[in-house]
Undergrad: 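Would you mind keeping the following structure in view while I ask a few things?
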Amino acid sequence: MNISVVIPLYNEEESLPELVEWIHRVMETHQLSYEIILIDDGSTDKSWSVIEQLKAKNESIKGIKFRRNYGKSAALNAAFEIVEGDVVITMDADLQDSPDEIPELYQMITQEGFDIVSGWKKVRYDSKWAKNIPSKFFNWTTRRMSKIKLHDFNCGLKAYRKEVVKTIEIYGDMHRYIPVIAKWAGFHKIGEKVVQHQKRKYGVSKFGWTRFVNGYLDLITISFVTRFGKKPMHFFGLLGSASFLLGGIIALVLIIQKLVAIGQHTIYRQVTDQPLFYIALLAMIIGMQLFLSGFIAELISRSSQDRNKYLVEKTL
Ligand code: UDP
Ligand code: MG
């Protein structure tokens, strides 16, 4: 099979028939074999029965229904587990992304050798203050942090080599960072294509202002987990040892001062009267705790089964 089209949806009953019809038309014209995977992310409208009707008419459709709303990342992840096409295209269900882009995205993966091609909504039809400006800032920080040169990380329309989606795992709100996750998993050829963008035709946007807060928390998690997830001791152990050492040195200095004072029979104030003593104490206790946290995290990461999860690209 050439292409799997993956479409997560939450209360998008009006858009679905039009979208499926459009995709079918494009695939027929370009003679591409395909499947469409529709993931109903716990919709409360009639989306699922619409999917059932569509499936009765079109064999290429597969449906997944979540019991409740788990979010776009979970929906994508569930679909990625079952995709069969050589190239996987993700798109939003709200008709904001155009299926006419699919053949060219497919070309870029199969002919030009990209691992991922991300859409870029160069001209956007969303509200300026609620979306366009915050998203510029979001894209800028993500670009700086990941060193991936994309303009529009969160574009719903993307194409992947099948291997990519079978390798990565996304949860939380991490669908915004799939290129980043993929890059850290060793897929470096990441491209970009300017895509058409329309106004939302039916329904309303499913993400409110919390998208920004959650987005940044996820960015921190991702960078932290990928850097230290497999070796927590490198983070906690270092900080803990440094803190403990600092406390130890201060305490030692205080003790020596006291001993010298006793030796010279001069009057020296009580160690417990000195602020530095308490700082030393605190630094040692915190240091010890950081160290122990690191140690426990290390034990956990070692006993979790995927400790050997590295990817062999080829064998002979
Ligand atoms: N979506 C989803 N689960 C959610 C929220 C959204 O599957 O919890 C789907 C939604 O139905 C749409 C896509 O994700 O197909 C993008 O959502 P939306 O168009 O609301 O986002 P926006 O375009 O406003 O960024
Ligand atoms: Mg949308």
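Counting begins at 1 with the first residue of the sequence. Just the heavy atoms: all of them, side chains too, but no hydrogens, waters or symmetry mates, feed the values below. When a ligand or atom number is given, it counts from 1 through the structure's own listing order.
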Undergrad: Considering only protein heavy atoms, which is closest to atom 14 (O) of ligand 1, and at what distance to one decimal place?
TA: Lys72 CD, 3.5 Å
Undergrad: Specify the protein heavy atom at minimum distance from atom 19 (O) of ligand 1: its residue, its atom name, and the distance to 0.1 Å.
TA: Asp94 OD2, 2.5 Å
Undergrad: Can you tell whether the side chains of Arg200 and Glu12 come within less than 4.0 Å, N to carboxylate O?
TA: yes
Undergrad: Near the Mg ion (ligand 2), is there an N/O/S atom from Gln96 that is less than 2.8 Å away?
TA: yes
Undergrad: Under 4.0 Å from ligand 1, counting heavy atoms only, is it the side chain of Asn69, its backbone, both or neither?
TA: side chain
Undergrad: Measure the distance from atom 9 (C) of ligand 1 to every protein heavy atom, then report the residue, atom name and distance (to 0.1 Å) of the closest one.
TA: Pro8 O, 3.6 Å
Undergrad: Centroid separation under 6.0 Å, is that true for the rings of Tyr171 and Tyr70?
TA: no
Undergrad: With a 4.5 Å cut-off on side-chain heavy atoms, are Asn154 and Thr142 touching?
TA: no
Undergrad: Taking only Lys NZ, Arg NE, NH1 and NH2, and the carboxylate oxygens of Asp or Glu, determine whether Lys193 and Glu112 approach each other closer than 4.0 Å.
TA: no
Undergrad: Within the structure, is a non-hydrogen atom of Arg200 found at a distance of less than 4.0 Å from ligand 1?
TA: yes
Undergrad: Around atom 17 (O) of ligand 1, find the nearest protein heavy atom and jot down its residue, atom name and distance.
TA: Phe207 CE1, 3.6 Å
Undergrad: So is Ala75 close enough to ligand 1, meaning a heavy atom under 4.0 angstrom away?
TA: no
Undergrad: Please write down residue, atom name and distance for the protein heavy atom closest to atom 1 (N) of ligand 1.
TA: Tyr10 CB, 3.9 Å
Undergrad: For atom 5 (C) of ligand 1, find the nearest protein heavy atom and state the residue, atom name and distance (0.1 Å precision).
TA: Lys206 CB, 3.5 Å
Undergrad: Could you tell me whether any N, O or S atom belonging to Asp126 is less than 2.8 Å from the Mg ion (ligand 2)?
TA: no
Undergrad: Salt bridge check, Asp115 against Lys189: does any charged N sit closer than 4.0 Å to a carboxylate O?
TA: no
Undergrad: Decide whether Asn69 and Tyr10 meet the rule of one side-chain donor and one side-chain acceptor closer than 3.5 Å.
TA: no
Undergrad: Does the side chain of Glu192 pick up a donor-acceptor pair with the side chain of Ser118 at under 3.5 Å?
TA: no
Undergrad: Restricting to non-hydrogen atoms, name the atom on Leu38 and the atom on Leu16 that form the minimum distance, rounded to 0.1 Å.
TA: CD2-CD2, 4.3 Å
Undergrad: Using a 4.0 Å cut-off to any heavy atom of Leu9, which atoms of ligand 1 qualify?
TA: 7 (O), 11 (O)
Undergrad: Hey, does Val204 come in under 3.5 Å of ligand 1, counting only N/O atoms on both sides?
TA: no
Undergrad: Which protein non-hydrogen atom lies closest to atom 23 (O) of ligand 1, naming both residue and atom, and how far is it?
TA: Gln96 OE1, 3.0 Å
Undergrad: Please determine whether a side-chain nitrogen of the Lys or Arg among Asp94 and Lys206 lies less than 4.0 Å from a carboxylate oxygen of the Asp or Glu.
TA: no
Undergrad: Heavy-atom pairs closer than 4.0 Å: do any link ligand 1 to the side chain of Arg211, the backbone, both, or neither?
TA: side chain
Undergrad: For ligand 1, which atoms have a heavy atom of Glu12 less than 4.0 angstrom away?
TA: 10 (C), 11 (O), 12 (C), 15 (O)
Undergrad: With ring centroids as reference points, do Tyr160 and Phe187 lie under 6.0 angstrom apart?
TA: no
Undergrad: Looking at Met174 and Ser73, what are the two nearest heavy atoms and their distance?
TA: N-OG, 3.1 Å
Undergrad: Which residue holds the protein heavy atom closest to atom 22 (P) of ligand 1, what is that atom called, and what is the gap in Å?
TA: Lys131 NZ, 3.4 Å
Undergrad: Answer yes if the side chains of Thr44 and Asn11 hold a donor-acceptor pair under 3.5 Å, and no otherwise.
TA: yes
Undergrad: Which bit of Asp41 gets closer than 4.0 Å to ligand 1, counting heavy atoms only: side chain, backbone, both or neither?
TA: side chain
Undergrad: Nearest N/O/S atom of Asp94 with respect to the Mg ion (ligand 2), by atom name, please.
TA: OD2
